[in-house]
Asker: 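Please see the structure below; I have some questions.
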There are 2 protein chains.
Amino acid sequence: MPVTLREVAERAGVSIRTVSNVVNDFHQVAPATRARVQRAVDELGYRPNTAARNLRSGRSGLIALVLPELDVPYFAELTRAVIEQAAAAGYTVVVDQTDGDPVRERELVMRGSRAAMFDGMIFNPLALGDGDLRDRPSSTPVVLLGERVVHGGLDHIMIDNVGAAELATRHLIDLGRRRIAAIGDQIDETRQTGRLRTLGYRAALRSASRKVIKELIRPTEFFHRADGAAAMADLLALPEPPDAVFCYNDLLALGALRTILGRGLRVPEDIALVGFDDIEDGRYSTPSLTTISPNKNEIAKNAVQLLLNRLDGDSSVPAEISAEYTLEIRESTLGRPM
Amino acid sequence: MPVTLREVAERAGVSIRTVSNVVNDFHQVAPATRARVQRAVDELGYRPNTAARNLRSGRSGLIALVLPELDVPYFAELTRAVIEQAAAAGYTVVVDQTDGDPVRERELVMRGSRAAMFDGMIFNPLALGDGDLRDRPSSTPVVLLGERVVHGGLDHIMIDNVGAAELATRHLIDLGRRRIAAIGDQIDETRQTGRLRTLGYRAALRSASRKVIKELIRPTEFFHRADGAAAMADLLALPEPPDAVFCYNDLLALGALRTILGRGLRVPEDIALVGFDDIEDGRYSTPSLTTISPNKNEIAKNAVQLLLNRLDGDSSVPAEISAEYTLEIRESTLGRPM
DNA sequence: CTGAAAGCGCTTACAG
DNA sequence: CTGAAAGCGCTTACAG
């Protein structure tokens, strides 16, 4: 049976108020009283009841992190950082996975059916768009991660997908590649990431006066290794295969890499590869992966901080922060140091 | 402002008891009453207060998953499965990361300082041993994952590390390899995984009447790619390098692979590799990784089920379940299909 | 510096 | 089938 404040109070011969003060380090308690209470706490093994505290305080100390998949390395790495940041502020993180399913995304972000359990939410949508988030019934603060799905309604940490994709593609152009393909375009209206990165890819080609060749832009359903492997196989089956590929994330690139090497072709000599996300896998593949590296720790830090501000009652205009990124040039475009 | 049961009751002209019955689908409410109440609920946008429910019911609906690192693929994949299983039973999972630090592990599993927030815990220790878990002050049910750290005290899902390591090593012996190395032994007294897998490695060599060569057993501090890469470099610097390596997890193997290929050597022609965990990375590496594949979904399912049983008051003798595993033979020992 | 008491929002025996 | 009321364990004005 759990020990209550009252039992501690009885044992120490004080009121529960005083025990509460000791436990919470409040209101200078007289040293002698404190010692007596502390002893009772220790002897009884008292631990405060979270539910009661939450009911009184109106806060749960819980924040929800809603993202597509925990076992996608980018999200695993991001989650780790979010948990650490939140813990530093005394918050506990609950992770919910949507699989990028619009129905599940809506359900989770609306929390219509479920109880009001979280003080706030960090949400990385894949499918949800502008309208979907407008009429949330809940007033729980939300920080958005990823594409600009909602224009101005909520705090938002975004990546300049167009700019980053342009940078990646330009790198391939600068290397003298002539037929640069792209893997990861998304036809599905609800998915933004793929379309934005395609915009950047096209922009880079255009500003280098290169033609955009439609058959070199391969859409994929997901951003998994298997999608990259299959798309690359399609590209290799073309009459004129590409000599470079910009993959819209590292998993796609790793899948593509597997296909290329499986055909006995060399990277980057025959085909250069660039990915996106800078996950650890890509640093240890052979060849290692050139990639766009978003600053995940910064993203996590900003996300948690924005949320904490709202929880502290900040009611200023929603923030829109662009996360930093760099191009990490590695062997998949540069070649092996000999 | 959140809407309360009382406000709904007033609007519907009933008592809060009736609203509660409707919301929780209890005690056949008269259809007319139900409709009236439901309308009030909808109009007001009522959502039950979790803290109050928890206080009344004595349960939080939360279970803690305490593991070393979320961004280690094996744990990310396991976590995904645990979250899914728990969700199916109406529970929400909170993930805590220990980094394998004994101090943090003890702190989290004891929950001495923190409030009693969780109904149960699934705990994958790296460092904690037998004695550490004996005198937990809390009576929260715990299911252990991994090595047999506590003898018989708690529900436990283990992997037969010795047997699996033996199987992996025997596979290399059967391939005719003469100098079989091992990466991942652990000198630290508190770490069990490495030592157990070394036992299996030794047993396989012994039963094939092979000598155990000490310098071919490389300890590592962690089980990360960087550790595998460094250990492999050491092995290659030996006067007589190995022609096969059993790595105690896939990350070590992927790190070793990078080192081997970086030297211009071939896998498996020059050096065959076996890993452990069957993470997705290893299926897409070139060559793909032969590995011990524990059934992660089964582990997650059993862990959650055991915990749910305890939460339902099951007080039978602690269970000890050995998780299934298989040897997945892939290119890193078999070679490329031509 | 400390006590007595209200009340957070809910569930649930107890009546009727 | 429904109401009035107790109480889960805590925090916190209100007194003194």
Side-chain angles (χ1 to χ4, degrees), chain A residues 1-38 40-41 44-62 90 114-119 138-140, chain B residues 1-38 40-41 44-62 90 111 113-119 138-140:
Chain A
M1 264 303 80
V3 180
T4 69
L5 220 44
R6 191 215 305 252
E7 297 173 69
V8 176
E10 274 170 18
R11 181 171 193 113
V14 297
S15 75
I16 61 169
R17 150 89 206 237
T18 300
V19 179
S20 177
N21 283 163
V22 170
V23 170
N24 294 300
D25 238 359
F26 268 178
H27 297 276
Q28 315 317 335
V29 181
T33 314
R34 167 180 298 280
R36 197 146 37 94
V37 170
Q38 190 57 56
V41 165
L44 262 31
Y46 169 75
R47 300 188 314 157
N49 178 306
T50 309
R53 277 190 166 169
N54 292 347
L55 179 55
R56 261 312 305 223
S57 66
R59 288 194 172 192
S60 67
L62 249 35
R114 286 176 67 174
M117 185 177 209
F118 303 104
D119 294 341
S138 153
S139 60
T140 307
Chain B
M1 266 300 82
V3 180
T4 69
L5 220 42
R6 190 216 303 249
E7 297 173 70
V8 177
E10 274 171 18
R11 181 171 194 114
V14 298
S15 76
I16 62 168
R17 150 88 205 238
T18 301
V19 180
S20 178
N21 284 162
V22 170
V23 170
N24 295 302
D25 238 359
F26 268 177
H27 297 277
Q28 315 317 336
V29 181
T33 314
R34 168 179 298 281
R36 198 147 35 95
V37 170
Q38 191 57 57
V41 164
L44 262 32
Y46 169 75
R47 300 188 313 159
N49 178 306
T50 309
R53 276 190 167 169
N54 292 348
L55 179 56
R56 260 315 302 227
S57 65
R59 288 194 173 193
S60 67
L62 250 34
R111 299 273 177 197
S113 52
R114 287 176 66 175
M117 185 177 208
F118 302 105
D119 295 341
S138 154
S139 60
T140 309

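To find a chain, count down the sequence lines: A is the first, B the second, and so on, and within it residues start at 1.
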Asker: Using atom CG of Asn21(A) as one end and atom C1' of dT12(D) as the other, report the distance to the nearest whole Å.
Answerer: 9 Å
Asker: Would you mind reading off the distance between Glu7(B) atom CD and dC8(C) atom P, rounded to a whole angstrom?
Answerer: 11 Å
Asker: Looking only at side chains, do Asn49(A) and Arg53(A) share a donor and an acceptor under 3.5 Å apart?
Answerer: no
Asker: Compare side-chain N and O positions of Asn24(B) against OP1 and OP2 of dT11(C) and report whether any pair is under 4.0 Å apart.
Answerer: yes
Asker: Counting just side-chain N and O atoms, does Ser20(B) come under 4.0 Å of either OP1 or OP2 of dC10(C)?
Answerer: no
Asker: State, with a plain yes or no, whether a side-chain heavy atom of Val22(A) is found less than 4.5 Å away from one of Val14(A).
Answerer: no
Asker: Leu55(A) has an atom CG; how far is it from atom P of dT11(C), in whole Å?
Answerer: 12 Å
Asker: Please examine the side chains of Thr18(B) and Arg36(B), heavy atoms only from C-beta on, and report whether any two atoms are closer than 4.5 Å.
Answerer: no
Asker: Should stems be defined as at least three consecutive Watson-Crick or G-U pairs with both distances under 3.5 angstrom, which of them involve DNA chain C?
Answerer: C:1-3 with D:14-16, C:5-12 with D:5-12, C:14-16 with D:1-3
Asker: Under the side chain to side chain contact (heavy atoms under 4.5 Å, CB included) test against Arg11(A), which residue among Val41(A), Leu44(A), Val3(A) passes?
Answerer: Leu44(A)
Asker: Looking only at the side chain of Arg17(B) (C-beta and beyond, no hydrogens), which of the listed nucleotides dG9(C), dC10(D), dC14(C) gets closest?
Answerer: dC14(C)
Asker: On DNA chain D, check which nucleotide each of Pro31(B) and Ala51(A) is closest to and give me the residue with the more 5' one.
Answerer: Pro31(B)
Asker: May I ask you to decide if Glu7(A)'s main-chain N or O and Glu10(A)'s side chain share a donor-acceptor pair within less than 3.5 Å?
Answerer: no
Asker: Take Thr33(B) and Asn21(B) through the side-chain contact (heavy atoms from CB on, under 4.5 Å) test and state the conclusion after the steps.
Answerer: CA-CA 11 Å; Thr33(B) 314; Asn21(B) 284 162; over 6 Å; no
Asker: How far does CG of Leu55(A) sit from OG1 of Thr50(B), to the nearest 0.5 angstrom?
Answerer: 11.0 Å
Asker: dG7(D) C1' sits how many Å from Ile16(B) CD1, rounded?
Answerer: 12 Å
Asker: How many whole angstroms separate atom CZ of Arg59(B) from atom P of dG9(D)?
Answerer: 16 Å
Asker: Between dG3(D), dG9(C), dG7(C), which nucleotide gets closest to the side-chain atoms of Val14(B)?
Answerer: dG3(D)
Asker: Among dC1(D), dT12(C), dT11(D), which nucleotide has an atom closest to any side-chain atom of Thr33(B)?
Answerer: dC1(D)
Asker: Check every atom of dA5(C), dG3(C), dC8(D) against the side chain of Ser15(A) and return the nucleotide holding the closest atom.
Answerer: dG3(C)
Asker: Please give, in whole Å, the distance from dA4(C) P to Glu10(A) CD?
Answerer: 12 Å
Asker: State which of dT11(D), dC8(C), dC10(C) makes the closest approach to the side chain of Leu5(A).
Answerer: dT11(D)
Asker: Round to the nearest Å and state the distance from Asn54(B) atom CG to dG9(D) atom P.
Answerer: 13 Å
Asker: Side chain of Thr18(A), heavy atoms from C-beta onward: which of dG3(C), dG3(D), dT11(C) has the nearest atom to it?
Answerer: dG3(C)
Asker: Can you tell me if the side-chain N/O atoms of Arg53(B) get under 4.0 Å from OP1 or OP2 in dT11(C)?
Answerer: yes
Asker: Output the rounded distance in Å from CZ (Arg56(A)) to P (dG9(C)).
Answerer: 10 Å
Asker: Give me the one residue out of Pro48(A), Ser15(A), Ser20(A) that meets side chain to side chain contact (heavy atoms under 4.5 Å, CB included) with Leu5(A).
Answerer: Ser20(A)
